[in-house]
Amino acid sequence: MSPKRKRSLLLGLPLLGFVAVLVVLGSGLGRDPSLLPSVLIDRPLPEFQAQRLDDPEQWLSPADLHGDIALLNIWATWCPTCYQEHTFLNTLRERNVAIYGVNYKDDREAALNWLSQLGDPYRFNIDDPEGQLGIELGVYGAPETFLLDAQGTIRYRHVGALDEAVWEREFLPRIRQLEPQS
Amino acid sequence: MIPELGHLALVLAIATSILLVVLPLVGASRGNYQLMATARPLAAAQFWLLTVSFGCLVLAFLQNDFSVQLVAEHSNTRLPWYYQITATWGNHEGSLLLWVLTLAGWTWAVALFSQSLPRELVARVLGVMGVISLCFLLFTQMTSNPFTRILPVFPYEGNDLNPLLQDFGMIVHPPMLYMGYVGFAVVFAFVVAALLGGRLDSAWARWSRPWTTSAWCFLTLGIALGSWWAYYELGWGGWWFWDPVENASFMPWLLGTALMHSLAATEKRSVFKAWTILLAIATFSLSILGTFLVRSGVLTSVHSFATDPTRGLFLLAIMALLTGSALLLLLLRASTIRSEGRFAPVSRESGLLVNNVLLVGACGVVFVGTLFPLVVDVLNLGKLSVGPPYFNALFAPLTLALMAALGVGPLLRWKTDDLYRLRVPLIISGIISVTLGFGLTYFLLTPFYWLVALSLSLVFWIVCTELEDIRGRIHNKHHRWQALLNLPRHYKGMVLGHLGLAVTVTGIAMVSFYDIAEDVRLAEDRSAVVAGHEFRMVELYDYQGPNFTATRAVVEVYRDGRQITVMRPEKRFYVARQMPMTQVALSPGLVRDLYLALGEPLDDGSWAVRVQYKPFVRWIWLGALIMSIGGFLAISDPRYRLARRRRTATVTGEQHVAKT
Amino acid sequence: MRWIGTLGLLSLLALPVQAAIDPFEFDHPEQRQRYHALIDELRCPTCQNQNIAESNATLANDLRQRVYTMVMDNHPDSEIRNFMVQRYGDFVTYRPPVKPLTWLLWFGPFVALLIVTIALAIWIRQRNAEPPPQIDATDRERLSRVLAKHSGDS
C-alpha cells in the first residue's frame, strides 16, 4: 500500500469513529436513562416476615402469595401517581385479577382510610412502614407493580402508573405465556 | 414590546449570519475582494444584534414581565435584581442565547484582530464561524425561543429561580465556561478555512495559537469556578463528582490542553500537521457534544437542563454537519498535508508527543467512562453506573505519568537532544523531589499514603525541573535578575502553566486523602471536637430573607483553647419553590478550610451538623488560576503581534513567501 | 462543576438538594471511614446521578441507614456492596464490576495507550530512516532565509 493510501485510511478512522458515536447518541435519544430494570426477574420473592395492614396480629411470608398468577403492587398514600393509578387497579379487581399490595413507608391509619374511601382492589396488603421489604424488592419509586407466577416467582416489574395501555402491552402477553403451565 | 424587539433582533441576526456564510465564502472561492470584505461588518452586525436581543431578555427579567414564559418560570418579583439578571441564563433557552452571543463575540473579535491576515483566510474563517452561528441560531429559533409569550392569561407571580442558582457562582461561572467552550470554535474555523483554501503550511497554526490559548484560559477559569461553586453551594464539600455534565466541560479542556501543545510543535517545526488539525476539530466537537449531553437527556446528571429529545436530535444534526464535514474535508485534503520536520526519538517534539498521547488518553478515559452506560443501555445489556471510583482509578496513573514527562519535556531541545546531556540536573532534581515528597509525607502527614508521597514527589519534580530550566536560561547572563525579568512572556506563561498544574495536584492529593468529615449533634452551648478544633454553638435563631425564611446558627471555633473564628451556617427555605437549602459556613485558609453545614433539627432540640476539615482544598482552584494567568501572559507576548506585522510586511497576495 | 440548571425536572420531583446529614455514632473510627467510603460509592436509584451520601431522598436515607446497620454488624464491605447490587443491580454502584462486559471500560484505555505508544515508536523510527522530503534549490534558499529570520524566536 502506498504511504498516501495508508494515510487516507488512517485519517478515515476518526470519521468512522465519529459516525459510530453519532449512532450511539442518536439511539440514546428518547430513552429514559433513569428507568431501572429489576434484578429479581425470574427469581423467587425474597424472604420476609411482615404484618398484615388491616390485621397487625397476622404475620405474612412469601408463601402467602403463592397459588395464583398475581400482581404485587407497591403503593403509599403520599404518592400522587398511586392515586392516579388506583382507579385502574379497581378495574383489574373487577376483571378478577389477583392483586396483593405493599403499603410502602406509610401510615397505617391513612392507608386504611384511603382503601375504605377509594375502594380496595387488594386481596391483602403487607404493611411495610420502614420500607425494609421495599429494599428487598429493589423498589426505588412508588408505584411499582411486580408480576408473580403461581409459584411466587417474579416475572416482570413495571415502574410508574399502571394503566390499560401498559397492561395490554406489558402484562397480558406475559400472563398468557404463564397460563398453560399453571 | 421589548420581548418582540428582542425576538426581532434574533431573527435579524439569523439573516445576518446567512449573509455571513454566503458572501465571504463565495467571495473567497471566486477571489472577489468586495464580497470578502463584507465579512467584518457582518460579523460586527451579528454581534450587536445578538447583544440587543440578549439585552431585551435581561430587561424582560428585570421588569418582571411574566407574560414571557421564560420569566414566569424562572424569576420572581422578590428575587434580588442581580439574580434576576443571572436568571436570564439559568435556564435552557436563555443560556443558549448567551451561547450564541458568546460565539458572535468571538467572531467579532476575530474580525477585529485579524487586520494583518490574508483576506481569503479572514473571509473563510469568519464564514465558517458564520456557519456555526447559523446552526445554533436556527436551533434557538426553532426549538428554544426564549421570547415565547403566555397570552392572554399570564401569572401575577413567577416561579422563582432555582435556589441553587441564586448565588455569586451563577453570575460568573456560565459566562466564563461558555467563553471557553465556544472559544474553541475559532481554532476550528481556522482549521476548516485552511482546509478549504488548501493552504496547509504552518501559518494557520501560528495564527490560531493565541485564540486557542485564550479559549483554554477561559475554560480553565470556568471549570475552576464551577468546582468552587459546587464546593460551597451544594453543602457536602465535594469539588468534583465526574458527573456527565462536569465531564462534558472537562473533555474539551483536556483536548484543548493537548491542542495548545501540538500547535506549538506544528508552528515551530512543521510536524504533526494532520494530528493537530484532527485535535482542533475534536476539541470543538467535544464542546458541541457537551452541549448535547447537557440538553438532550440521554444521560442523567444532577444538573442538566429540562431535556427534550427533539432538541437532542437537532444538536446531533448540527454535530454531524460541522464535525462530519470537517473530517471529510480533512480526508479529501489528506494527500496535501505533509509534515516536513524530522525529529529524533529524544527531542522536544517527542516530548510534546508524549504529552499529547497522555492527554488524549486521559480524555479517552473520560469519554469512555461517560458514554459507556449509554452504550450498554442502547445495546440492551442492562444498566450500570460509572463514577468516581472508576475515573479516579484510571485517571491517577495517567496524571502521574504526565507529570513525570512534564519534568523532562521543557528541558529538551527541538529536533534532537541527548538525555545524557541532561543527566546531572535530572538526577539531582529526582533525588531532591523524591526526598522532599516522601520525607514530608512520612514526617508531617499521618497516615502515610504511597500515592500522596508519589504525587508530592512529582509536584517537586516539576518545580525542580522548571527551576533548572530557568537557571539554564539565565546562568551565563551578566545580570541574572534582569535576565529573569527579561525572559519572554510566552516562556513565563508556560512555566506558570506547569507550576499551576503542580499546585492543583497538591490540592487534590491532600484533600482527597486527608480531609475529615463528621456529622455531629450541636445545640446551644453544646460543642463537638473535630480535627483538633472545638465547635461550640452559641446561638440559634430564625430570620426572614427577601424570598426565603432561614434558621441560622452561630458557632464559635476554638483551637488550643483560643477562639479563632465565628461561623454562621444557615438552613433556608425558599417559599416560591418550596425548597430547603443549606447555606454553608466556611472558614477559608491557604492550608485548610473549615466547613460547616446545618442539617436537620433532631428530636432532642439539637441539630445535625456536618463539620469538615479540608486541607489544601483552595490549592485546586489556585492552581487553575495560576494556569490561566500563565495562559493570558503567553497571549500577551509581543511575539505574536510582531510576527504578524513582519509577515504582512513581507507577504503579498497569495504568497506566503518571506521575500526580502 | 455542578452549575446549572433549571431542572424542569427538578420542579417536578422536588429533588432534595441539600446534603444529607445524619449524626450516626460509631464504635471505631475505622467503621466511620468504611461507612463514608460505602455511601460515597453507592448511587441513589431515585436521584439524578447522586450518591446516597449526598442525597436526601427518602430511599437514600433508608439505604444509608441500612449501610450503617450492616457496618455496625461488622459485615465486610464486599458483602454490603453485594447486598445492594443483588437488589438494585449494577446501577447502584459507581464502581462497575469487572466482567467481560466491562473489560473494554476497565482495560480498553490502557490497551489503546499501549498500541498507540508502540505504533508511534515504530513510526518515529521509520521516519528517521526515510530521507527528508526533496526540496528544490529555490525552496532551500527560502528555507534558510526563513530559518535565519526565526532564529530570534526561542
Side-chain angles (χ1 to χ4, degrees), chain B residues 74 90-91 162 164 169-170 173-174 223 226-227 229-230 234-236 243 245-246 249 300-303 305-306 338 340 342 344-345 353 357 361 364-365 368 372 381-390 394 488 491 517 519-521 577 580-582 597 599-600 608-610 639 657-658 660, chain C residues 1-11 14-24 32 36 40-41 43 47-51 53-54 89-97 101-102 104-106 108-110 112-113 116-117 120-121 124-125 127-128 132-133 142 145-146 149-150 153-154:
Chain B
H74 301 285
N91 54 75
N162 183 342
L164 270 181
M170 184 60 195
H173 164 61
I223 294 175
S227 156
W229 178 18
L234 290 179
W236 52 279
D243 182 88
V245 170
E246 296 170 357
S249 66
T300 29
S301 156
V302 214
H303 33 213
F305 286 108
R338 272 188 312 147
E340 289 94 359
R342 289 283 173 276
L353 202 60
V357 168
V365 166
V368 169
F372 196 76
L381 295 171
K383 296 254 179 180
L384 50 78
S385 307
V386 179
Y390 169 82
L394 272 78
Y491 175 75
D519 294 348
V520 298
R521 285 163 181 267
R577 289 220 174 202
M581 276 282 297
T582 299
E600 302 286 329
V609 179
R610 170 163 301 172
R639 190 171 90 97
V657 185
T660 28
Chain C
M1 230 245 355
R2 354 198 97 211
W3 68 287
I4 279 208
T6 350
L7 320 174
L9 255 164
L10 197 103
S11 48
L15 191 85
V17 282
Q18 85 275 37
I21 299 169
D22 327 282
F24 284 140
R32 175 191 305 278
H36 280 289
D40 274 346
E41 157 181 333
R43 179 171 185 170
C47 312
Q48 306 281 313
N49 197 18
Q50 279 182 303
N51 57 23
E54 280 171 55
D90 288 340
F91 183 83
V92 80
T93 167
Y94 275 119
R95 184 191 299 276
L101 177 66
T102 56
L104 181 71
L105 179 70
W106 281 104
F110 290 112
L113 212 59
V116 168
T117 311
L120 281 177
I124 292 178
R125 271 168 169 276
R127 244 172 92 92
N128 269 333
R142 204 175 96 196
R145 232 183 282 130
V146 173
K149 252 187 155 346
H150 281 245
D153 302 355
S154 68

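Order of the sequence lines fixes the chain letters, A, B, ..., with proteins taken first and strands second; residue numbering starts at 1 for each chain. Worth knowing before you read on, the calculation uses all heavy atoms, side chains too, and leaves out hydrogens, waters and symmetry mates.
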Interface residue of largest heavy-atom contact number with chain B, from C:N51, C:T117, C:V116, C:V92, under 4.5 Å: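 Of C:N51, C:T117, C:V116, C:V92, C:N51 has the most heavy-atom pairs under 4.5 Å with chain B.
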Between atom [atom1] of [X] and atom [atom2] of [Y], what is the distance when rounded to the nearest 0.5 Å?
X	Y	atom1	atom2	result
B:S385	C:Y94	OG	OH	6.0 Å
C:L120	B:L353	CG	CG	5.0 Å
C:H36	B:D519	NE2	CG	5.5 Å
C:T93	B:Y390	OG1	OH	14.0 Å

Part of C:R43 within contact of chain B (heavy atom distance under 4.5 Å):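 C:R43 touches chain B through side-chain heavy atoms alone.
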Which atoms of B:V386 approach chain C - backbone, side chain, both or neither, heavy atom under 4.5 Å: both
[X] and [Y]: which non-hydrogen atoms are nearest, and at how many Å?
X	Y	answer
B:F372	C:L101	CZ-O, 3.3 Å
C:D90	B:K383	CB-O, 3.9 Å
B:L394	C:P109	CD2-CG, 3.8 Å

Heavy-atom pairs under 4.5 Å with chain C, option from B:G361, B:G364, B:P389, B:A344 with the top count: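 The candidate making the most pairs under 4.5 Å is B:P389.
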